[in-house]
2 protein chains.
Amino acid sequence: MVARSNRVTIHDVAKAAGVSVSTVSKALNDTGRMASETREKIKSIAAEAGFRPNALARSLLFNRSFTVGLLTNDTYGRFTLPLMSGISEALVDHGVSVFLCAIEDDPALAKVHVDAMLDKQVDGIIATGKRVDRSLPVDLAGLPVPVVYAFTEGVPGSVILTADDSDGARLAVERLRKVGRKRIVHVTGPDSFVSAVERADAFRQAVGPDALVMHGAWTEAWGHEAVAMLWGGDKPTPDGIFCGNDQIARGVVDALRERGVRVPEDVSIIGFDNWEIFADQTRPALTTVDMNLKELGRTAGLTILDLAEGRAVEAGLRKLPCKLVVRQSCGGDREI
Amino acid sequence: MVARSNRVTIHDVAKAAGVSVSTVSKALNDTGRMASETREKIKSIAAEAGFRPNALARSLLFNRSFTVGLLTNDTYGRFTLPLMSGISEALVDHGVSVFLCAIEDDPALAKVHVDAMLDKQVDGIIATGKRVDRSLPVDLAGLPVPVVYAFTEGVPGSVILTADDSDGARLAVERLRKVGRKRIVHVTGPDSFVSAVERADAFRQAVGPDALVMHGAWTEAWGHEAVAMLWGGDKPTPDGIFCGNDQIARGVVDALRERGVRVPEDVSIIGFDNWEIFADQTRPALTTVDMNLKELGRTAGLTILDLAEGRAVEAGLRKLPCKLVVRQSCGGDREI
DNA sequence: TCAACGTGAGAAAACGTTTTCTCATCATTT
DNA sequence: AAATGATGAGAAAACGTTTTCTCACGTTGA
């Protein structure tokens, strides 16, 4: 047929132990009946030979590949990597490995990857992306394996996991209040993003009816611009700014410094995302909302496992809480 | 044994077509002898039934899983993601999927993942990391599958792929010269990094014996600090700065702006890494050296495939050329 | 008319496991 | 002494493919 490798199989162990393969299998799996002496002998011979069962053969038998696919169009990895990390962490204990497929918004490529995963009999597929209000360029409904959507739009009736944006906004406002801020504004991304809108709504709810929300791009430049607008007029300037992401926050902090406004003494800043490369490098380092993506990944992994093993899982959208990561940009970080 | 799935197998097709499984197999693979009429009929029946061969079964037979493992300790994904993207792109045409395993510098975790990959009969393993002069916390020598090291330290005698740091430095200096710069300095990371040293050496080679190289941290803060040092004394200030990464470059650009020094009119800046989130967001946007990590990934993928299929591959360190990505921070970007 | 040959298609083995079933042996009970 | 039961271990089937071998049948040539 084809060149055989030299890996040691259960047959080799059987031969070495002078027993049948069935006996070896039962010995190693602690099943069946046999003299405990035989069992131990076989175990030691197998260990010595470095025998490890071929997972492919077991998969074929059990119809379980102990493999899941992670499909993403987030080429940057901004959201995918923490998620992946959580998934992997949750599943490695169960002997499950993860196929990562980056599909770059290309429907044809997506289909190729999905088919390849299906052919390899993945136990399930986790779909993720870079926005919760956009779906991947491929239809995952009606697949012969379970699907979980994490941080991306999913079809109705499916399991969808996402971060609770409202919770994140509440956390931020709560903190700003706690450090004594009264005039709080929200500088965030475009209102075409559901996330931005949800946070803005929760922000208004928490701050009050006349709360100011400024929509713009998700960029540092918009942070600068927003500061120019806020400090440029003759209205009273804010003493607390909740930013829609860490890049905007970075822009805001830099712009304030250029104006001689002190952060956090004069104004408290809170970001969103906890993208460490920004949050940590900004001076002062950003206090920011963390979406707990790793935890989200862990949940996604365990959910797909439940599904794969036939346990019932409640369908629908499930929002996981955020957490606040306290650094210096908001103040109050020493009080603890 | 276990719950069977309802996937359509070759047996189902055979039954539907009223022939034997061997005939179906030969029909679909265009092998063997049979009436072309039979062949076509079987093909159409298979297509209609949506038959796709179970890759697990083929793998078992061929001793090839069409699967490779990517092992990384770069949790950030700064280097791993472009690499992964290239690997995947190169291999998807060959029906090969990629297991991604993030091992976070944990030897035990690494071993677990490697064992899991081996059990699943991966055709090869690609190791990668965050530095070319550090190795992963696991010994990959003597594995029963081929290993390729990409952007991480590998054992002697193995295949090691990395970016050509010297080439990158030469590219940068060449460009600075081309836009007319005479007093060029290099602000880079710690000299404990082989990459930093290699680039520094190539820089000196290109600029001349009295070239100034400043080692510091890989941070924006160091960029600021370096500018303070360069502009703080009474020596002539440089008119071109080659930075060791984009974060330093960002710091340098910001510090210069604060001093009223114009970029690129007065001073040309070139970064390293082409980390778009920095390079693109800096004002002016950074001209920077790109290590071609995606191409490196592609090469790594094809190499592991060669190895897996028994083709000879020359062992040793192979350095792939960099490329310069021209934006605005160096000037000369309109001349083209 | 008979041998040689070509053609179409199926049977069976193989890949490496696990599990069910069967069976031989030996000890215990009547 | 014969029947029963417990114990230890192996044979075989199964998972879904591919490939080699075999064979029946029909055609061609002498």
Side-chain angles (χ1 to χ4, degrees), chain A residues 1-43 45-46 49-66 95 118-121 123 144, chain B residues 1-43 45-46 49-66 95 118-121 123 144:
Chain A
M1 204 133 304
V2 188
R4 300 277 99 219
S5 85
N6 48 358
R7 309 257 265 244
V8 23
T9 74
I10 199 172
H11 289 94
D12 301 326
V13 177
K15 199 168 291 176
V19 298
S20 72
V21 290
S22 1
T23 306
V24 175
S25 176
K26 285 181 292 187
L28 299 181
N29 293 304
D30 280 325
T31 60
R33 289 184 313 210
M34 88 187 42
S36 62
E37 183 185 305
T38 314
R39 200 182 287 277
E40 290 312 319
K41 186 180 132 209
I42 293 177
K43 279 187 177 177
I45 290 181
F51 169 72
R52 310 214 75 207
N54 183 328
L56 256 30
R58 312 185 64 170
S59 298
L60 192 56
L61 201 54
F62 292 145
N63 215 28
R64 264 300 297 282
S65 65
F66 293 92
L118 256 21
D119 289 352
K120 287 182 178 124
Q121 313 288 118
D123 298 333
Chain B
M1 206 132 306
V2 189
R4 300 277 100 218
S5 86
N6 48 358
R7 310 259 263 247
V8 23
T9 75
I10 199 172
H11 289 95
D12 301 327
V13 177
K15 198 167 291 175
V19 297
S20 71
V21 290
S22 2
T23 305
V24 175
S25 177
K26 286 183 290 189
L28 299 181
N29 293 304
D30 280 325
T31 60
R33 286 181 320 211
M34 89 189 39
S36 61
E37 182 186 305
T38 313
R39 199 182 288 277
E40 290 312 319
K41 184 179 134 211
I42 293 177
K43 279 186 178 178
I45 290 180
F51 169 72
R52 309 214 77 208
N54 182 327
L56 257 29
R58 313 184 63 169
S59 298
L60 191 57
L61 201 54
F62 292 144
N63 216 28
R64 263 302 296 283
S65 65
F66 293 91
L118 256 22
D119 288 351
K120 290 183 175 123
Q121 313 289 117
D123 298 333

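Computed over heavy atoms, backbone and side chain alike; hydrogens, waters and symmetry mates excluded. Chain A is the first sequence line, chain B the second, and so forth, proteins listed ahead of strands; every chain is numbered from 1.
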Asks: Which heavy atom of B/Ser59 sits nearest to which heavy atom of A/Leu56, and what is that distance?
Replies: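 Smallest interatomic distance, heavy atoms only, reads CB-CD2, 3.5 Å.
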Asks: Which comes earlier along DNA chain C counting from the 5' end, the contact point of A/Ile10 or that of B/Thr38, where each point is its nearest nucleotide?
Replies: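 Residue closer to the 5' terminus by nearest nucleotide: B/Thr38.
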Asks: For A/Asp123 versus A/Ser65, what's the shortest heavy-atom pair and its separation?
Replies: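 Closest approach of A/Asp123 to A/Ser65, heavy atoms only: OD1-N, 2.9 Å.
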Asks: I need the CG-C1' distance between B/Leu61 and D/dA14, as an integer number of Å.
Replies: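 For the pair B/Leu61 CG and D/dA14 C1', the rounded distance is 16 Å.
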Asks: Between the opening five pairs and the closing five pairs of the helix from C/dT1-D/dA30 to C/dT30-D/dA1, how far apart are the helix axes, to 10°?
Replies: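 The end axes of the helix from C/dT1-D/dA30 to C/dT30-D/dA1 are about 70° apart, to the nearest 10°.
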Asks: Tell me every residue that passes side chain to side chain contact (heavy atoms under 4.5 Å, CB included) with A/Val19, counting only those two or more places apart in sequence or in another chain.
Replies: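 Partners of A/Val19 by the side chain to side chain contact (heavy atoms under 4.5 Å, CB included) criterion, ordered by chain and then number, come out as A/Ala17, A/Thr23, A/Val24, A/Ile42.
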Asks: Identify the heavy atoms of A/Gly50 and A/Val8 that sit nearest to each other, and give their distance.
Replies: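 So the two residues come closest at O-CG1, 4.0 Å.
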Asks: Classify A/Arg64 by what it touches in the nucleic acid, base, sugar-phosphate, or nothing, heavy-atom distance under 4.0 Å.
Replies: nothing
Asks: Are any of the side-chain heavy atoms of A/Arg39 and A/Asp30 separated by less than 4.5 Å?
Replies: yes
Asks: Let's go through B/Asn54 and A/Leu60 carefully: what are the C-alpha distance in whole Å and the side-chain angles of both, what is the deciding distance for side-chain contact (heavy atoms from CB on, under 4.5 Å) to 0.1 Å, and is it a yes or a no?
Replies: CA-CA 9 Å; B/Asn54 182 327; A/Leu60 192 56; 4.0 Å; yes
Asks: Please enumerate all residues that pass salt bridge (charged side-chain N to carboxylate O under 4.0 Å, His left out) together with A/Lys26, with sequence neighbours excluded.
Replies: none
Asks: Starting at CZ of B/Phe51 and ending at P of D/dG16, how long is that distance when rounded to a whole Å?
Replies: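 After rounding, the reported distance stands at 10 Å.
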Asks: Near DNA chain D, under 4.0 Å by heavy atom, which residues of residues 20-34 of chain B?
Replies: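 Here the set is B/Ser22, B/Ser25, B/Lys26, B/Asn29.
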Asks: Given atom CD of A/Gln121 and atom C1' of D/dT17, what is their separation to the nearest angstrom?
Replies: 11 Å
Asks: Over how many whole Å does the gap from B/His11 atom NE2 to D/dT18 atom C1' extend?
Replies: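 About 12 Å, once rounded to whole Å.
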Asks: Please check the phosphate of C/dT18 (OP1 and OP2 only) for any side-chain N or O of A/Arg58 closer than 4.0 Å.
Replies: yes
Asks: Rounding to a whole Å, what distance do you find between B/Glu40:CD and C/dG8:P?
Replies: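 In whole Å, C/dG8 P and B/Glu40 CD are 14 Å from each other.
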Asks: How close or far is atom C1' of D/dT17 from atom CG of B/Leu60, stated in whole angstroms?
Replies: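 Distance, rounded to whole Å: 9 Å.
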Asks: I'd like to check the salt bridge (charged side-chain N to carboxylate O under 4.0 Å, His left out) partners of B/Asp12; sequence neighbours left out, ordered by chain and number.
Replies: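 Residues passing salt bridge (charged side-chain N to carboxylate O under 4.0 Å, His left out) with B/Asp12: none at all.
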Asks: Check the distance between C/dC15's P and B/Asn54's CG and give it to me in whole angstrom.
Replies: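 The distance from CG of B/Asn54 to P of C/dC15 comes to 18 Å, rounded to the nearest Å.
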Asks: Check salt bridge (charged side-chain N to carboxylate O under 4.0 Å, His left out) between B/Arg58 and all other residues, then give those that pass, not counting sequence neighbours.
Replies: none
Asks: Output the rounded distance in Å from NZ (B/Lys15) to C1' (C/dG10).
Replies: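 These atoms are roughly 16 Å apart.
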